[in-house]
Student: 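Handing you this structure, nothing more for now.
Every number for a ligand or one of its atoms is a count from 1 in the order of the listing.
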Amino acid sequence: MPTPIKALKVGWIGTGRMGYEMAGRLAKGGCDIAVWNRTRAKAEPLGNYGAKVVDSLAELAVRDIVFCMVSTWDDVKEVMHKMLAGNAKPRMVIECSSISLEGSAELRRMLDAKGIAYLAAPVSGNAKVIKAGKLTIVASGPKRAYEEARPFLDMMGTGSSYVGEGELSRIVKICHNVFLGVVIQSLCEITILAQKAGVPRHAFLDFLNKSVMGSMFTRYKTPALVNLDFHVTFTPKLLRKDMDLGLDAGRSFEVPMPLAALTRDLIQQMIGYGMTEQDFSTLLLMQAKASGIDLKPENVPVGDGLSS
Ligand SMILES: NC(=O)c1ccc[n+]([C@@H]2O[C@H](COP(=O)([O-])OP(=O)(O)OC[C@H]3O[C@@H](n4cnc5c(N)ncnc54)[C@H](OP(=O)(O)O)[C@@H]3O)[C@@H](O)[C@H]2O)c1
């Protein structure tokens, strides 16, 4: 029988775009949760849902299970060292940021040495996807730890997938995000091709979204591509990080990744042009420029497939 969720004290590190919504779902679901964020103000609204906002990472070391959702492996390392600087330690750490296999393995060694169970549990979705209850999580590590954590993981979205021991979930997530990069670039290319040939973007995407090639992703990116709403969901720099993780893994496993390599450099080019603050789907703007098109919002109401 899994331990009832209310019997375990949860700690949460990092309430950026993703962490805020994920921790929010646990708080709204009735978990006993304490949250810490480097910029405290971003975590404070979670107090409205019953979360306790704490001032120091050390305060989270006394919780049973601590989740971590920051940016890069360096950031994970920094927060983990700070949390574990004293004598207190949680029973389990669940690390959800998108980090490398090597970083994850180093974290496992560090936590194993302290007798802390560790689940690597990266996620798929953006903040809006989490709000719509559609986040997915892939986990690896000791099966027993997964079974204990599962009610919390499943509470954050449509369910979690357990893929095995060690860092296997990291490679699954890296593969997933390489696909994300390649798909968005391809979607931008064909959308601009259709437009230059005379098809309005909303009409083209309406067809694509209804076809076998349409997906939750193509649907929720449609408002961005049609009305040029590039409110950030995931930054170009975070996507470049994931493409680099994919290419590094390709090198280490000797798997050629020609599409990923090309896409990585297109994202790099976008960053070089200073396009860093908006959504990664601004790849559309680069594609339009390269095609001699001056893009305008179509101002057509289009659904994102997420809002009811
Ligand atoms: N956005 C997406 O669609 C998406 C989807 C799946 C996975 N991911 C992955 O999820 C992770 C978080 O992404 P996000 O979009 O939520 O990023 P974000 O909005 O930029 O949030 C980053 C979080 O990490 C904290 N942070 C960064 N460096 C830190 C450090 N050195 N010490 C302490 N805290 C630090 C930030 O604190 P401050 O608030 O103080 O800056 C913030 O809470 C990334 O690994 C990303 O690749 C993102």
Student: For atom 12 (C) of ligand 1, find the nearest protein heavy atom and state the residue, atom name and distance (0.1 Å precision).
Tutor: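 Of every protein heavy atom, Val70 O, 2.9 Å lies nearest to atom 12 (C) of ligand 1.
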Student: Does Asn37 use its side chain to pair, donor to acceptor, with the backbone of Thr15 at less than 3.5 Å?
Tutor: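 Yes, because the side chain of Asn37 sits within donor-acceptor range (under 3.5 Å) of the backbone of Thr15.
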Student: Asn126 heavy atoms, cut-off 4.0 Å: which ligand 1 atoms fall inside?
Tutor: 3 (O)
Student: Starting from atom 21 (O) of ligand 1, what is the nearest protein heavy atom, named by residue and atom, and what distance separates them?
Tutor: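 Minimum-distance protein heavy atom for atom 21 (O) of ligand 1 reads Gly16 CA, 3.4 Å.
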Student: In ligand 1, which numbered atoms sit nearer than 4.0 Å to a non-hydrogen atom of Lys241?
Tutor: 44 (C), 45 (O), 46 (C), 47 (O)
Student: When you measure from the side chain of Glu59 to the backbone of Asp55, do you find a donor-acceptor pair of N or O atoms at a distance under 3.5 Å?
Tutor: yes
Student: Just jot down the ligand 1 atoms closer than 4.0 angstrom to any heavy atom of Met18, in number order.
Tutor: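 Contacts of ligand 1 toward Met18, numbered from 1: 1 (N), 2 (C), 3 (O), 4 (C), 5 (C), 6 (C), 13 (O), 14 (P), 15 (O), 16 (O), 48 (C).
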Student: With no hydrogens and no angle check, do the side chains of Asn209 and Thr222 hold a donor and an acceptor under 3.5 Å apart?
Tutor: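 There is such a pair (donor and acceptor under 3.5 Å, judged by atom type) between the side chains of Asn209 and Thr222.
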Student: Counting only heavy atoms not in Glu277 (residues, nucleotides, ligands), do more than 12 fall under 6.0 Å from its CD?
Tutor: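 No, not enclosed.
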Student: Determine whether a donor-acceptor pair (N or O, by modelled atom type, separation under 3.5 Å) exists between the side chain of Thr282 and the backbone of Gln278.
Tutor: no
Student: For atom 18 (P) of ligand 1, what's the nearest protein heavy-atom neighbour? Residue, atom name and distance, please.
Tutor: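 So the nearest neighbour among protein heavy atoms is Arg17 NH2, 3.7 Å.
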Student: Under a 4.0 angstrom heavy-atom cut-off, which atoms of ligand 1 come close to Lys173?
Tutor: 6 (C), 7 (C)
Student: Check the pair Tyr220 / Thr233 against side-chain hydrogen bond (donor to acceptor under 3.5 Å, both in side chains), numbers first and verdict last.
Tutor: CA-CA 11 Å; Tyr220 78 59; Thr233 62; over 6 Å; no
Student: On a heavy-atom basis, I'd like to know which of Lys128, Met69, Arg38 is closest to atom 29 (C) of ligand 1.
Tutor: Arg38
Student: Taking ring-ring contact (aromatic ring centres under 6.0 Å, His included) as the test, write out the residues that go with Phe280, two or more places apart.
Tutor: Phe234
Student: Going by distance only, is there an N or O of Glu78 that falls short of 3.5 Å from an N or O of ligand 1?
Tutor: yes
Student: For atom 40 (O) of ligand 1, what's the nearest protein heavy-atom neighbour? Residue, atom name and distance, please.
Tutor: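 Ranked first by proximity to atom 40 (O) of ligand 1 is Thr39 OG1, 2.4 Å.
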Student: Which ligand 1 atoms are under 4.0 Å away from a heavy-atom of Ser97?
Tutor: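 It comes down to these atoms of ligand 1: 45 (O).
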Student: Has the side chain of Ser97 got a donor or acceptor atom that lies under 3.5 Å from a matching backbone atom of Ser71?
Tutor: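 The answer is no, because no donor-acceptor pair under 3.5 Å joins these two groups.
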Student: Of all the atoms in ligand 1, which lie at a distance below 4.0 Å from a heavy atom belonging to Gly14?
Tutor: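 This gives 43 (O) as the contact atoms.
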Student: Contact between ligand 1 and Gly125 is defined here as a heavy atom of the residue under 4.0 Å from a ligand atom; is it met?
Tutor: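 Gly125 counts as a contact of ligand 1 under the 4.0 Å cut-off.
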Student: Atom 43 (O) of ligand 1: which protein heavy atom is closest, and how many Å away?
Tutor: Asn37 OD1, 2.6 Å
Student: Assess the pair Phe204 and Phe207: is the distance between their ring centroids shorter than 6.0 Å?
Tutor: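 Ring-ring flag for Phe204/Phe207: false, centres at least 6.0 Å apart.
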Student: Below 4.0 angstrom from a heavy atom of Thr233, which ligand 1 atoms are there? Numbered from 1 as shown, please.
Tutor: 1 (N), 2 (C), 3 (O)
Student: When you measure from the side chain of Glu298 to the backbone N and O of Arg201, does any donor-acceptor pair fall under 3.5 Å?
Tutor: yes
Student: Can a donor-acceptor pair be found, under 3.5 Å and without considering hydrogens, that links the side chain of Trp36 to the backbone of Arg38?
Tutor: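 It does not hold such a pair.
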Student: Closer than 3.5 angstrom, by distance alone: can the side chain of Lys114 be matched with the main-chain N or O of Pro90 as a donor-acceptor pair?
Tutor: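 Between the backbone of Pro90 and the side chain of Lys114 there is no qualifying donor-acceptor contact (under 3.5 Å).
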Student: What atoms in ligand 1 come closer than 4.0 Å to a heavy atom of Val79?
Tutor: 32 (N), 33 (C)
Student: For atom 22 (C) of ligand 1, what's the nearest protein heavy atom and its distance?
Tutor: Ser71 OG, 3.4 Å
Student: Tell me the nearest of His176, Lys77, Lys42 to atom 39 (O) of ligand 1, using heavy-atom distances.
Tutor: Lys42
Student: Nearest to atom 28 (N) of ligand 1 by heavy atom, Thr136, Leu238, Asp75: which?
Tutor: Asp75
Student: In the protein, which heavy atom is nearest to atom 7 (C) of ligand 1, and how far is it?
Tutor: Ser98 OG, 3.6 Å
